[in-house]
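Heads up: the structure comes next, in structure tokens.
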Amino acid sequence: RPLRRLHRGGAGLRRGSRPVRLRISLGSADHGVQVSRCPGPGAGALAEAIVEARREATWPAQPPGRIVPVPLGEARLRERGDNPAWELARRVARRIDGHADAHLLLCLRDTPHQLASPPEARAGNVRGAFAVEPRRLAEVRGRSIAVIDDVMTTGHTAAEIARVLKQAGAKRVEVWVVARTPRPEDG
């Protein structure tokens, strides 16, 4: 059973765009974070955990109908082989009768790994790195959208994507993540 905690504040995330934080034990540290390495039952279990955590959260009863993965830059996609956030998004969408959409958000440029950057540079790493597909702006206006990622490092990527979606007219943005890298103050 996942332990659900809501992350409040941090990296510019506000009430309308706070992520669900899950800790999931699947028997090994190798499972759960690298969703792409276990696209079968592993990704399904993580998707179910996201859906359950969302159900237990104090958000509006109706989940967003559009589920979008955090897009990867070309170099990161080549490095990983696939996008683990997409693996999660499509499985979550099936479970909540939503629509998973891997092409609504664009990654305009590759960004450095956040852990490799000093804390003061992390927001700048992702500023301007994402956009809504220009021909699809009407699909964002007035809609509630969930953004899915496998791992949240600093929260700056999620905050930037939420900002981009809100600027494009999204009514509400929810950020759902499977895992969060430990912050230094978490010990």
Side-chain angles (χ1 to χ4, degrees), residues 1-7 13 16-74 76-107 111 113-114 130 132-133 136 139-140 143-153 155 157-162 164-165 170-181:
R1 177 165 168 80
L3 171 67
R4 177 191 51 83
R5 293 193 328 181
L6 297 179
H7 171 74
L13 296 173
S17 59
R18 61 189 180 212
V20 171
R21 181 175 175 195
L22 302 173
R23 288 188 183 154
I24 303 168
S25 173
L26 297 176
S28 164
D30 293 336
H31 296 110
V33 177
Q34 290 297 323
V35 177
S36 61
R37 298 230 173 111
C38 54
L46 295 173
E48 190 57 44
I50 290 171
V51 170
E52 183 60 29
R54 171 54 174 79
R55 226 179 261 131
E56 293 174 6
T58 57
W59 287 337
Q62 184 64 34
R66 179 94 33 165
I67 315 297
V68 297
V70 169
L72 296 178
E74 290 180 28
R76 185 77 46 86
L77 191 55
R78 276 193 308 276
E79 172 188 316
R80 289 182 116 167
D82 63 1
N83 183 348
W86 169 242
E87 296 300 323
L88 287 168
R90 60 193 191 91
R91 286 169 172 81
V92 167
R94 277 196 300 257
R95 287 168 169 77
I96 64 170
D97 293 323
H99 174 72
D101 190 336
H103 304 290
L104 185 67
L105 281 175
L106 304 174
C107 183
T111 58
H113 289 283
Q114 291 289 61
F130 304 99
V132 173
E133 161 57 58
R136 301 182 66 197
E139 296 175 48
V140 174
R143 301 252 174 111
S144 295
I145 298 173
V147 177
I148 291 190
D149 204 359
D150 57 340
V151 179
M152 179 185 285
T153 302
T157 298
E160 177 66 5
I161 289 172
V164 164
L165 288 167
K171 178 173 85 173
R172 189 175 80 241
V173 177
E174 295 182 7
V175 177
W176 303 343
V177 300
V178 172
R180 175 155 191 167
T181 57

statement: The residue among Ile161, Val147, Val140 that forms side-chain contact (heavy atoms from CB on, under 4.5 Å) with Val68 is Val147

query: Where do Ile145 and Ala170 come nearest, in terms of heavy atoms and distance?
result: CD1-CB, 4.3 Å

message: Minimum heavy-atom separation for His103 and Glu133, please, with both atom names.
response: O-CB, 3.7 Å

- prompt: What heavy-atom pair brings Asn83 and Pro69 nearest, and what distance separates the two atoms?
  reply: ND2-CB, 4.3 Å

Distance, nearest 0.5 Å, that separates CD1 of Ile50 from CD1 of Ile96: 10.0 Å

task: Using side-chain contact (heavy atoms from CB on, under 4.5 Å) as the criterion, list what pairs up with Arg95, not counting sequence neighbours.
output: Ala47, Glu48, Val51, Arg91

Over 12 foreign heavy atoms within 6.0 Å of CD, Glu74: no

task: Measure the CH2-CD1 distance between Trp176 and Ile67 for me, rounded to the nearest 0.5 Å.
output: 4.0 Å

- request: Mind checking the CZ-CG spacing from Arg172 to Leu165? Nearest 0.5 Å is all I need.
  value: 12.5 Å

task: Could you pull out all residues at least two apart from Val164 that satisfy side-chain contact (heavy atoms from CB on, under 4.5 Å)?
output: Val132, Glu160

query: Mind checking what makes salt bridge (Lys or Arg N to Asp or Glu O under 4.0 Å) contact with Arg136, not counting sequence neighbours?
result: Asp101, Glu139

Contact check, side chains of Val175 and Met152, non-hydrogen atoms, under 4.5 Å: yes

Check: Val151 and Pro84 side chains under 4.5 Å, non-hydrogen atoms: no

message: For Glu174 versus Pro64, what's the shortest heavy-atom pair and its separation?
response: OE1-CD, 3.6 Å

- prompt: Do Asp150 side-chain atoms and Val178 backbone N/O form a donor-acceptor pair below 3.5 Å?
  reply: no

- request: Applying side chain to side chain contact (heavy atoms under 4.5 Å, CB included), run through Thr157 and Thr111 and close with a yes or a no.
  value: CA-CA 10 Å; Thr157 298; Thr111 58; 5.8 Å; no

